[in-house]
Every structure is written in structure tokens, then in C-alpha cells.
Amino acid sequence: MTLQDLMAKYGDYQIEMRRYFHQHPEESTKEVKTAERIRAELDQMGIPWRVCGMPTGTLARIEGKEPGRTIMLRGDIDALSVTEETGLPFASCNPGVMHACGHDCHISMLLTAAKMLSEIKDQLKGTVVLCFQPAEEIGRGADAMVKDGALEGVDACFGMHVWADVKAGQVGMHKGATMASADQFTIRVHGFSGHGSAPHQTVDAAVMASSIVMNLQTMVSREYAPIDTAVVTVGKIVAGTRFNVIAGEAVLEGTTRTFSPKIRNGYHEVLGRIASNTAAAFRGTAEVEYNYLVPITINDSKMIDVAAGAGRKIFGDDGVVDCEPTMGGEDFAYYQEKIPGAMVLLGINNPECKATYPQHHGRYTVDESVLIKGAALHVQTALDFLGVELH
Ligand code: NI
């Protein structure tokens, strides 16, 4: 059976699964029903699995007839707290939660790949590990699975993300640093509250917080070289209780991004220096809590060659394109810290099916017709890595 035959055979299954998971999204670490369905599907295929990393993490294994190398294929399974506005017949029935990053597609592509691989198991040389990873959106799932031994005996890993910036029918790949580190910080600002009419008796935390936000803008413009890449974003500010009370406390939350390990390791110090000295200028204090979430996604050159070769067989020579690195983060990086890996971007953008909205948008959707090719790319990459030719 050829891969083309398998794609024809499992096209409907792929769509059915994608729509099921799209309709039943669950947030990070709460993917209980999602994991149940994944495990039920694996049971039906007769593929053994174990819980891994978190109660909702699933690691399955397809062993070939002959021994050989081992590759792990990964799909993340969590959804986001976004209200769906697509109006699709299979829109989310979980209010306020949506698969707005396309992880529903990732689950369905990996399950479909599992179907295909188990059908050709007798021809396999080596092992394919299937990693259904929870909690990607909060940057915790991959780390937890690594710590629970997901990579034991695994030689390489491969992952895919459906991507709004790449046209349907193409798959984007890039060697080296492809996605940025993504960390989180919280700045707590301490002042002294009082009556809105008597500012001289207070230390205004709202003013300090505002000045800190403005001064943080000089990190990218004045701390780092112009050719370096860095993002410092404050996404949330909370201060004060009512209109005529000067705020005594403020809390800022934000994220940092970079492709430079050196910059990443220095963020905590620079944020702390600017926040505390700015607050001090106003007679207040501030401290920074810095949480390392997701390392830099660095694609292994040889694994990208394998994925590109597989990609050309499925998408044609013009279908494999170089994609620009993105400042988005991806916790697949935790696997790549341990073993060679490739994370590629599957194009889903197609105006004809309104699949033009960015990732995480309430109207985000995909050109479903490419998903069977994504499933096939999982399979072909695994076959090429293991050195198997179908006959
Ligand atoms: Ni995502």
C-alpha cells in the first residue's frame, strides 16, 4: 500500500477527528476528555500507550517488525480561552474556550498518522513514538513529558504547527533558530496609598508603574545591539481600587522573546535594574519575578533535510518553502534541547475557506483539505528517518 492509498483511505477519518476535537476544546492541563478520546482511538488501533508527564499527557509506541532507530512524532492537544466566532457547524460547544491555535488539527493529524503507521507496521524498521502533549500554551507540557522519560531511547523528534502565515499547499521550514524563547515576568510595585486630593502624602504606584512601562521600552532600543532580536511586552497592568484613591500597589505582567541565549539569560537582571531604580526615583520600590517558560526552538539541520525530503514527496518541489523565523514560542524546544528535532509550519491559509485569520483569533480556521497531507508528512518523515521504503 502506498502513502497515496493511505491518504485516500483515511481522509474522512482525519476530518472527523479534527471536527470532533475542534468542537470539544479544553484548556491547558484540563484536556481530560481530549486525552480520553485520544486513548480510546489508540486502543481501537491496538497501539499501546502510557500516561506521561501530566495526567492528560499520552505517549504511544508503534514498534516495527525489525529493530532500528526511534523517532518521536509530536502533536500538542490544548486549546485557549478565546471565544469562537467562526460560526462553523462544528464550532466549540465549550463557551469561552476554542482551538484558536489549531491544536485540534495537530491531534487529528497525529491520530491519522497512527492509523497509517499501524497499517504498515510490518514494513517498519525501528520504532515510532507518538507524543500527544498537553499544556503547550502555558509552556509546561513538553518539559513535564521530558522529565517523565518521553525521550528515553528516542533518536530524533518531529513536530508540525498549522500556520496562518503560510499558504495552504505549502510547508515552511527553517534551519537553526526558528522560534524565539518565550518567558514571563511579573513586576510588583510598592508605594503608599492615600486620598486622590493629597498626592504629596502618597507614593503613587500607578505613576511608578507607568514610568516603568515607558522605561522598559529602552531595553530593546538601548540595551541590545540593533542586529539582535528582542521583544519586551507588558501585557497587563493592575493598579488601584477607585477613582479618588491613589494606588499603593501595582502589578505588571509581561513576556520577553529573543533568539539569543545571552540576552535571554540577562533579561531578569535588566528588568530588575530598570524597575527598581525607576520606582526608587519616585520613593517607591519594585521587584521582578522572572519565569523561564520556553527555550529557543532550534531546528537541527539534518532533521530539516529529512523533513524537507519527505515534504517534497507530498507537497511537490515548490511546496517546501523557507519560512521566516517567528518571535512566537513553542515548547517543542524542550525536546530539541535533548535530541535533534525539526519543527515545521504547515500552511493552512486559504481565503476561499476564510482561513486568513491569525493564530489565536476568534475566527481562526484552517483549510481542512491540507490536513491529510500533514498526517502523511508525519508518516513520510518517520519512514525516511528510519530508512523504510513502502512496497
Ligand atoms: Ni500553537
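Ligands are counted one by one from 1 in listed order, and the atoms in each one are counted from 1 as well. Just the heavy atoms: all of them, side chains too, but no hydrogens, waters or symmetry mates, feed the values below.
Judged by distance alone, the side chain of His106 and the main-chain N or O of Val162 form a donor-acceptor pair under 3.5 Å.
The pair Arg18-Asp104 meets the salt-bridge criterion, since a charged nitrogen lies less than 4.0 angstrom from a carboxylate oxygen. Comment: Glu85 engages Arg363 in a salt bridge, judged by a side-chain N to carboxylate O separation of less than 4.0 angstrom.
Closer than 2.8 Å to the Ni ion (ligand 1) sit the protein N, O or S atoms Cys101 SG, His103 NE2, His161 NE2.
Residue pairs satisfying the salt bridge (Lys or Arg N to Asp or Glu O under 4.0 Å) criterion with at least one member in residues 120-142, sequence neighbours excluded, are absent.
At a cut-off of 3.5 Å, with distance as the only test, a side-chain donor of Asn291 or Gln184 sits close to an acceptor on the other residue.
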How far apart are the C-alpha atoms of Arg39 and Glu41, what are their side-chain angles, what is the distance that settles it, and do they pass the salt bridge (charged side-chain N to carboxylate O under 4.0 Å, His left out) test? CA-CA 5 Å; Arg39 291 163 185 174; Glu41 292 297 318; over 6 Å; no
